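Keep in mind that what you see is a predicted model, and the values were worked out from it rather than measured. Scope of the values below: all heavy atoms of this structure, side chains included, with no hydrogens, waters or symmetry mates.
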Amino acid sequence: MGRRISGRGRREMFVRRADRHDRHGRAGRSSVLRPPLRPLSARADLFSVSVAAAADYLRGAYPHELGDVSFLLASMPVDMQHGDGIDRWSIDRSARTIVIYRVPVQRLTSLHINDDLHRRMAAESCTFQAAAEYLGMDPWDLDLGGHSPY
């Protein structure tokens, strides 16, 4: 679809309209949909996505043991569970919950390269370690069915 534009002293030309346009001829707008969501760039957003992805993977690898376990996020622990520092996670087997604490993981984990990839790896590592502790296993002994998460 197109239209011809002509005017005084101008040549006649053919203008192609965009396939999607509103009544004013502007492309790429919609009165029904909101603008796209902002990208996940905040540390808390990236942390929660990393923990959720690792938790989903672990639930798939251990469906009987972790299928109904809730992986929760909190900023800081209320009290020190082990007494030898600030906990990165806490476990409540009776409530079937694992709580991962964002601030200690993000601020107290030593990263040799401080970028999004290594911050994500730190969040995933704590999630795997917490799940291993919940299962009573060493994190290196987690048998993920021969499948790598990467």
Query - Full working for side chain to side chain contact (heavy atoms under 4.5 Å, CB included) between C126 and Y101 - result: CA-CA 9 Å; C126 284; Y101 299 113; over 6 Å; no
Query raised in the report: Should S70 and R96 count as side-chain neighbours, where that means a heavy-atom distance under 4.5 Å?
Result: no
Requested in this report: Let me know which of R120, R119, H118 forms a side-chain hydrogen bond (donor to acceptor under 3.5 Å, both in side chains) with D116.
Outcome: R119
Query raised in the report: Are L73 and V99 close enough, and set up right, to give a side chain to side chain contact (heavy atoms under 4.5 Å, CB included), and what steps lead you there?
Result: CA-CA 5 Å; L73 299 176; V99 181; over 6 Å; no
Query raised in the report: If you group Ile, Leu, Val, Met, Phe, Trp and Tyr by side-chain heavy-atom gaps below 4.5 Å, do M137 and Y134 land in one group?
Result: yes
Query raised in the report: What is the distance from atom CZ of R107 to atom CZ of R102, rounded to the nearest 0.5 Å?
Result: 7.5 Å
Query raised in the report: F128 and I98: same hydrophobic cluster, using ILVMFWY side-chain contacts below 4.5 Å?
Result: yes
Query raised in the report: Side chains of T127 and Y57: is there a donor and an acceptor less than 3.5 Å apart?
Result: no
Query raised in the report: So how far is it from Q129 CD to I100 CD1, rounded to the nearest 0.5 Å?
Result: 9.5 Å
Query raised in the report: Can you tell me if CZ on R93 sees more than 12 non-hydrogen neighbours from other groups inside 6.0 Å?
Result: yes
Query - Euclidean distance, N114 CG relative to Q106 CD, rounded to 0.5 Å - result: 10.0 Å
Requested in this report: Give the cluster check for L58 versus F47: same hydrophobic cluster or not, with ILVMFWY residues linked at side-chain heavy-atom distances below 4.5 Å.
Outcome: yes
Query raised in the report: Counting N and O atoms only, with roles assigned by atom type, does the side chain of R88 sit under 3.5 Å from a partner on the main chain of I86, one being a donor and the other an acceptor?
Result: yes
Requested in this report: Would you check if the side chain of S50 reaches a backbone N or O of L46 as a donor-acceptor pair within less than 3.5 Å?
Outcome: yes
**Report entry** Cluster link L135 to I91, ILVMFWY, side chain under 4.5 Å
**Finding:** yes
Query - Within one Ile-Leu-Val-Met-Phe-Trp-Tyr cluster: W89 and F71, side-chain cutoff 4.5 Å - result: yes
Requested in this report: With the side chain counted from C-beta on, respond yes when P104 and P77 share a heavy-atom pair under 4.5 Å apart, and no when they do not.
Outcome: yes
Query raised in the report: Any donor and acceptor pair, going by atom type alone, linking the side chain of S48 with main-chain N or O of D45 inside 3.5 Å?
Result: yes
